[in-house]
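Note sheet for the following structure.
Because the structure is a prediction, the values reported are computed rather than measured.
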Amino acid sequence: MAKQHPQPIDDYAMIGDRSTAALVGRDGSIDWLCLPHFDSHACFAALLGESEHGRWLVGPLHEASTTRRYVAGSLVLETTHETATGTVMVTDAMPTTSGRSDVVRIIEGISGEVELEQELVVRFGYGAIPPWFRRTRERGEEMLVAVAGPDRLVLRGPALPRADGHRHRSTFTVREGDRLVLDMCWQNSWLPIAESVGEAEVVRTTVAESSDWLRALDYEGPYMEAVQTSVLVLRALTDITTGGILAAPTTSLPEEPGGERNWDYRFTWLRDASLTVDAMLAVRLTEKVGLWRNWLLRAIAGDPEDMRIMYRRDGGRELDERVLEHLPGYGGAAPVRIGNGAACQRQHDVLGQVMLTLGRLRELGLDDSHDAWHMQRALLDELAQHWQEPDQGLWEMRGDPQYFTHSRAMMWAAFDCGVRAIESGCEGDPSRWIALRDALREEVLTRGFDESTGSFRQHYATSEVDASLLQLPTIGIIDATDPRFLGTLARIEQDLLVDGIPLRYRTTGVDGLAGGEHPFVLCGFWLVSAYAQAGRLDDAEALMDRLVALRNDVGLLAEEIDPTTGRHWGNFPQAFSHLGLVIAATELATARGADAGLAPDGDRSLETQRS
């Protein structure tokens, strides 16, 4: 069989039910879906291989001009195909259900007539396990049933596809005024087949739920549509039951064509969860952070020495990394990995980010639990035992541990947050933390700063810079107008920018991997914030305009972008990218208001500078 040419990553849109998510291509093919949870195995895995690894295509048989949009206030997807003979619209939604997962596809004839094709290839186990298919009729409905072990998919609707070798196919004509509904439902195979989800209510209810949630957003500033879409993406990536937020719903999408930097992001990082809370607080979704906050507190509970940097969506720790040899990878980019070997790394910056976020929640009266503070004290005391050790850093380097400047600064932030908590009335003696905080600040400002280049450095054994240094003013260890930071900003502009958007760092071997990568979207938004904090508002706004324009046609962002082609790379859509957009928009809005002499609507920055 000829190899399938992959669609560009940015040609996909995401739909989801807050337990899992599907990627729908511009051609109408669902090429990625894990059931029933984000971190379950995929039943459609064509994204990382060929159509034979599983997909569900519903699209025009002949050439078409295609446009897409999300229904306002939601991630319900409308795709309109215009052909030489007519126009048809397909609405894709995943309603929130319990004990099952549904994908509903509503096909409407808009004008003329359009021939559509349907191809269903179900392969459980990430494209490895073909199910047993049977056609049956229950409660007057004809249905196609696929079963393999604990998994069962049931497809209902007109023009059900028929077996064609190892696939199921059908073609049918949709005329003006026609309305066809295809409903696919996953359940455990031993349960009675559930009734149809009820298509008449699917779109209305799904849109209403997200629109009602979005109404609590309190933000009046530029980039409103982009902020709203990003907030909806973060909500969609949050497990509705556990509160764990996924870094992305995908695994192993490469950071460059054919590259090996392919990682499984279907897990919850403490850092990402904390920054998501920050993003929600920045747009005043204060009453909506409970799920994230509670997940965070449950995840860090236990022996302080055993705190991980990431967990499964339910807080589980089974993240062993392995390679799926049967999948060739996106565009041949191997290996395809599930699990993540970075889970056991030591990354000193993580606790700093957690403490910053919990400190903000405490100031808002949302984290005043004695047990929560007791855990934070234990974690800080554990950090005090290891603060002199090197680590793998924010970017999860797989090379030798180093003394990364960002990690050292974030440890300063962790102890600073602990000291300020005690000063505000929390129980404890801050004397040891004060000593460590002061020692770390002195160390960062001396060993972390390279006098020969006039810039902070990536780690103490190099003169290279790293985009994580853009965060130094945000956490408060130095002011954005300090000459040392301005020198760092200039070095980052000189050494890391690709067509105006920063790389994370130069991949010169420190990360222990071959190949390179594209500019990192989150770092672009960090640069927006750094420009705004340094008073370079025109530069901040110009870069923000550029980044927002690089979103795909439905407003989604991958992990990385090639700014010369606009192609997206890495896992998609990426929570880091979208939370970065939200925070940068609020930083810029606040900076513009201050520049105009207006009283800012509260402090939008994550932290203020402390000397």
Side-chain angles (χ1 to χ4, degrees), residues 247 255-256 261 269 271-272 275 278 347-350 352-353 391-397 399 402-410 413 444 448-450 453-460 462-475 477-478 480 482 484-511 513 516-534 536 539-540 543-544 546-547 550 557-563 569-570 574-581 583-584 587 606:
E255 297 176 14
E256 64 174 354
R261 298 166 181 267
W269 275 252
R271 179 191 302 111
D272 299 42
L275 285 169
D278 288 337
Q347 297 175 19
H348 288 314
D349 73 287
V350 170
Q353 189 60 62
D391 73 339
Q392 257 69 37
L394 165 71
W395 305 127
E396 302 182 348
M397 305 292 194
Q402 302 288 344
Y403 291 99
F404 289 99
T405 301
H406 174 263
S407 292
R408 312 300 288 174
M410 291 302 290
V444 168
F449 186 77
D450 186 347
T453 62
S455 165
F456 286 99
R457 62 181 103 207
Q458 181 186 51
H459 60 82
Y460 294 172
T462 187
S463 60
E464 297 281 341
V465 287
D466 187 300
S468 63
L469 300 171
L470 294 168
Q471 288 287 280
L472 296 181
T474 297
I475 66 173
I477 198 169
I478 194 170
D482 188 295
R484 293 168 291 186
F485 180 72
L486 295 178
T488 305
L489 192 54
R491 278 285 312 283
I492 288 172
E493 290 176 313
Q494 174 184 321
D495 292 357
L496 297 186
L497 294 193
V498 176
D499 200 10
I501 303 175
L503 300 165
R504 295 186 296 175
Y505 52 88
R506 290 289 176 183
T507 53
T508 54
V510 68
D511 58 11
L513 296 165
E517 58 185 43
H518 291 289
F520 202 78
V521 176
L522 174 65
C523 297
F525 290 121
W526 281 354
L527 185 55
V528 170
S529 295
Y531 282 153
Q533 292 164 358
R536 295 171 55 178
D539 289 335
L543 179 55
M544 188 72 178
R546 180 97 186 284
L547 292 166
L550 285 171
L557 287 163
E559 181 180 20
E560 299 178 4
I561 286 181
D562 180 347
W569 293 97
Q574 179 82 0
F576 247 176
S577 300
H578 285 281
L579 65 87
L581 186 155
I583 292 171
E587 289 270 11
L606 299 186

* **Full working for side chain to side chain contact (heavy atoms under 4.5 Å, CB included) between Ile583 and Phe525** => CA-CA 8 Å; Ile583 292 171; Phe525 290 121; over 6 Å; no
* **For Ala530, side chain to side chain contact (heavy atoms under 4.5 Å, CB included) partners two or more places apart** =>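 Here the qualifying residues are Leu470, Phe485, Leu489.
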For residues [X] and [Y], report the shortest heavy-atom separation together with the two atoms involved.
| X | Y | result |
| --- | --- | --- |
| Ser529 | Ala584 | OG-CA, 3.8 Å |
| Glu559 | Gly570 | OE1-CA, 3.6 Å |
| Gly524 | Ile501 | CA-CG2, 4.5 Å |
| Ala467 | Leu496 | N-CD1, 3.6 Å |
| Gly500 | Leu527 | O-CD2, 4.4 Å |
| Ala558 | Ser577 | O-OG, 2.7 Å |

Between [atom1] on residue [X] and [atom2] on residue [Y], distance to nearest 0.5 Å:
| X | Y | atom1 | atom2 | answer |
| --- | --- | --- | --- | --- |
| Met410 | Gln347 | CE | CD | 11.5 Å |
| Glu517 | Leu503 | CD | CG | 6.5 Å |
| Leu469 | Glu464 | CG | CD | 11.5 Å |
| His406 | Asp349 | NE2 | CG | 5.0 Å |
| Ile561 | Leu550 | CD1 | CG | 4.5 Å |
| Gln471 | Leu522 | CD | CG | 7.0 Å |

Side chains of [X] and [Y]: does their closest heavy-atom pair fall under 4.5 Å?
| X | Y | answer |
| --- | --- | --- |
| Val465 | Gln494 | no |
| Gln533 | Thr474 | yes |
| Phe456 | Arg484 | yes |
| Ile478 | Phe449 | no |
| Asp466 | Thr405 | no |
| Leu557 | His578 | yes |

* Can Thr453 and Arg491 be said to form a side chain to side chain contact (heavy atoms under 4.5 Å, CB included), step by step? -> CA-CA 8 Å; Thr453 62; Arg491 278 285 312 283; 3.2 Å; yes
* Test: Glu255 and Arg504 ion pair at under 4.0 Å ->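 Answer for the salt bridge query: yes.
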* Asked: Between His459 and Phe404, does the ring centre distance come in under 6.0 Å?
  ->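 Yes, the ring centres sit under 6.0 Å apart.
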* To do: Describe, in one word, how the ring planes of Tyr505 and Trp395 are oriented to each other, choosing from parallel (under 30°), tilted (30 to 60°) and perpendicular (over 60°).
  =>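 Tilted, since the angle between the ring planes falls between 30° and 60°.
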* **Mutual orientation of the aromatic rings belonging to Phe520 and Phe576 [parallel < 30°, tilted 30-60°, perpendicular > 60°]** =>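 Judged by the thresholds at 30° and 60°, the geometry between Phe520 and Phe576 is perpendicular.
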* Hey, mind stepping through Trp269 and Glu396 against side chain to side chain donor-acceptor pair (under 3.5 Å) and telling me if it holds? -> CA-CA 12 Å; Trp269 275 252; Glu396 302 182 348; 2.5 Å; yes
* Side-chain donor/acceptor of Asp391 to backbone N/O of His348, under 3.5 Å ->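 The answer is yes, because a donor-acceptor pair under 3.5 Å joins these two groups.
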* Asked: Please walk me through it: do Leu275 and Gln353 pass side chain to side chain contact (heavy atoms under 4.5 Å, CB included)?
  -> CA-CA 8 Å; Leu275 285 169; Gln353 189 60 62; 3.6 Å; yes
* **Test log, rule side chain to side chain contact (heavy atoms under 4.5 Å, CB included), inputs Arg261 and Glu560** => CA-CA 12 Å; Arg261 298 166 181 267; Glu560 299 178 4; over 6 Å; no
